[in-house]
Amino acid sequence: MVEQKLQDTQTRALEEITRSDSLEELNEIRIRFLGKKGELTGVLRGMAAFSPEERPRIGQIANRVREKIEEKLDDRMAQLKEQVRKRKLEAETLDITLPGTVFGPGRLHPLTAVTRQIEDIFLGLGFSIAEGPEVETDYYNFEALNLPKDHPARDMQDTFFITPETLLRTHTSPVQVRTMERTAPALPVKIIAPGKVYRRDDDATHSPMFHQIEGLALDRRITFADLRGVLQVFARQMFGEDTQTRFRPSYFPFTEPSAEVDISCVMCAGKGCRVCSHTGWLEILGCGMVHPRVLEMSGYSSEEVTGFAFGMGIERVTMLKYGIDDLRLLFDNDMRFLAQF
Ligand code: DAH
């Protein structure tokens, strides 16, 4: 009787295994026949009903049945796994004769390239490169540049304040002060300071984050003529030998006298066009002779030392150099634009 039952169980199990066609189904069969509450286990549980002489024989049969089923399960599992693998391979549409993805060489962003060109020109003139923090104190950004708290010129440079005394710097001019504090009273000082600056502006020609390069030269007998000469050399090297420069009187609290510098229009060579609003000139920077009060606050004697300073916008120089008409193109990171440089 029991033998017959075990034989039946084996027959059914083997049939089901042969018919199964997924790993899940196979697992389900394994549990149903061999699991803790499975059919075969059930038979063995009933062993108590047999006489002690019979038990080993039936146990042996039961074990053989278990082994058979397990063997069959393993075989079928291997078959099914192989099927799955084959199907996956067939579904794969890999064509190894197709050309691979081409990663072209990288290139510098136009702003980086122009920054380096400007740096190279001034390094050639004996300047070295200085840096300062983008999160700046009110003291360095304004106060030490002769812009006390109630100064109306602060309105032109509204920015992002972090605390009442710390802010995102509105210009690279604080690097002048930081440099002077570090070097005073040593002379000469000749530095340029490139970097990011921030203002509350956002349109086709203004971005809330942009870049400037500051310049500072101090010595015993520096004059406005030195300033003119240096900026003239710069303009010619940057925009071409025929470039003219023109100085217009202006106002900055940290320089006296102050000037704005124009170059002859790079598009029309001064004849007048849309880019220069038919004036023939393009404004590129602000500059002047360092204000005596700024010198004194930073540790230099305004009796013995004179100097010039300037600050220019790198986006503006880049746009003029390459004829880019919308500042935002520089920040969109569209490869169709960037790949042109
Ligand atoms: N810091 C000024 C600005 O952002 C630019 C400037 C003007 C810098 C005159 C200077 C300078 O060093 O002498 O508008």
Side-chain angles (χ1 to χ4, degrees), residues 115 118 122 125 127 129-134 136-148 151-160 167-181 189-201 205-219 222-231 234-235 245-263 282-295 297-298 300 302 305-317 327:
T115 304
I118 300 173
F122 285 102
L125 291 167
F127 286 72
I129 297 172
E131 282 184 348
E134 287 169 33
E136 191 50 283
T137 61
D138 187 273
Y139 178 77
Y140 286 113
N141 195 80
F142 293 125
E143 206 94 20
L145 289 163
N146 201 25
L147 273 143
H151 201 291
R154 281 192 180 210
D155 286 355
M156 293 195 308
Q157 301 193 0
D158 194 10
T159 183
F160 306 89
L167 46 99
L168 294 181
R169 67 179 179 189
T170 60
H171 49 184
T172 42
S173 303
V175 187
Q176 287 187 38
V177 180
R178 288 179 173 276
T179 303
M180 287 189 278
E181 283 187 356
V189 176
K190 286 169 84 179
I191 56 111
I192 52 165
K196 290 184 171 65
V197 299
Y198 303 83
R199 284 189 206 174
R200 228 199 70 189
D201 291 322
T205 53
H206 296 88
S207 151
M209 185 281 298
F210 60 106
H211 300 78
Q212 288 187 333
I213 282 197
E214 193 77 12
L216 172 71
L218 299 182
D219 209 341
I222 291 210
T223 69
F224 203 95
D226 296 311
L227 172 60
R228 244 208 110 133
V230 164
L231 291 180
F234 164 74
T245 51
R246 145 178 118 165
F247 284 61
R248 280 179 292 111
S250 184
Y251 172 77
F252 298 102
F254 32 92
T255 44
E256 182 59 37
S258 305
E260 265 159 316
V261 175
D262 300 338
I263 56 166
L282 297 163
E283 184 190 319
I284 59 158
L285 57 82
C287 64
M289 301 305 290
V290 182
H291 197 291
R293 220 176 281 155
V294 173
L295 287 172
M297 275 191 278
S298 301
Y300 280 96
S302 60
V305 178
T306 57
F308 65 75
F310 59 86
M312 74 181 110
I314 297 175
E315 279 77 4
R316 178 142 177 91
V317 171
L327 173 88

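In listed order, ligands and their atoms are each counted from 1. We use all heavy atoms of the structure for the numbers below, so side chains are in, but hydrogens, waters and symmetry mates are not.
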query = Does Asp201 use its side chain to pair, donor to acceptor, with the backbone of Pro208 at less than 3.5 Å?
reply = no

task = Output the distance between atom CZ (Phe252) and atom NE2 (His291), rounded to the nearest 0.5 Å.
result = 13.5 Å

ask   = Going by the order shown, which atoms of ligand 1 are within less than 4.0 Å of some heavy atom of Ser173?
value = 1 (N), 8 (C)

query = Would you say Arg316 has more than 12 foreign heavy atoms packed within less than 6.0 Å of its CZ?
reply = yes

task = Report, in ascending order of atom number, the atoms of ligand 1 lying under 4.0 Å from any heavy atom of Gln212.
result = 3 (C), 4 (O)

Polar proximity ligand 1 side, Ala309 side, N/O cut 3.5 Å exclusive = yes

request  = Kindly check if the number of other-residue, nucleotide or ligand heavy atoms within 6.0 Å of CZ (Arg248) is above 12?
outcome  = yes

key: Flag, side chain of Ser298 to backbone of Glu181, donor-acceptor distance under 3.5 Å   = no

Expected output: side-chain Arg169 to main-chain Gly132 donor-acceptor under 3.5 Å = yes

key: Proximal atoms of ligand 1 relative to Thr255 (non-hydrogen, under 4.0 Å)   = 13 (O)

request  = Below 4.0 angstrom from a heavy atom of Phe252, which ligand 1 atoms are there? Numbered from 1 as shown, please.
outcome  = 7 (C), 9 (C)

ask   = Quick one: which ligand 1 atoms are inside 4.0 Å of a heavy atom on Gly288?
value = 13 (O)

ask   = Is the backbone N or O of Met209 less than 3.5 Å from a side-chain atom of Arg199, with the two atoms forming a donor-acceptor pair by type?
value = no

message = Given Met312, Arg199, Met156, Glu214, identify the one with the heavy atom nearest to atom 3 (C) of ligand 1.
response = Arg199

remark   = ligand 1 to Gln176, heavy atom cutoff 4.0 Å, flagged ligand atoms 12 (O)

request  = Under 4.0 Å from a heavy atom of Gln157: give me the atoms of ligand 1 that qualify, with their elements.
outcome  = 3 (C), 4 (O), 14 (O)

ask   = Under the 6.0 Å and 45° cation-pi test, does Arg178 pair with Tyr140?
value = yes

ask   = How close does the nearest protein non-hydrogen atom get to atom 11 (C) of ligand 1, and which residue and atom is it?
value = Phe254 CE1, 3.6 Å

task = Measure the distance from atom 8 (C) of ligand 1 to every protein heavy atom, then report the residue, atom name and distance (to 0.1 Å) of the closest one.
result = Gly311 N, 3.4 Å

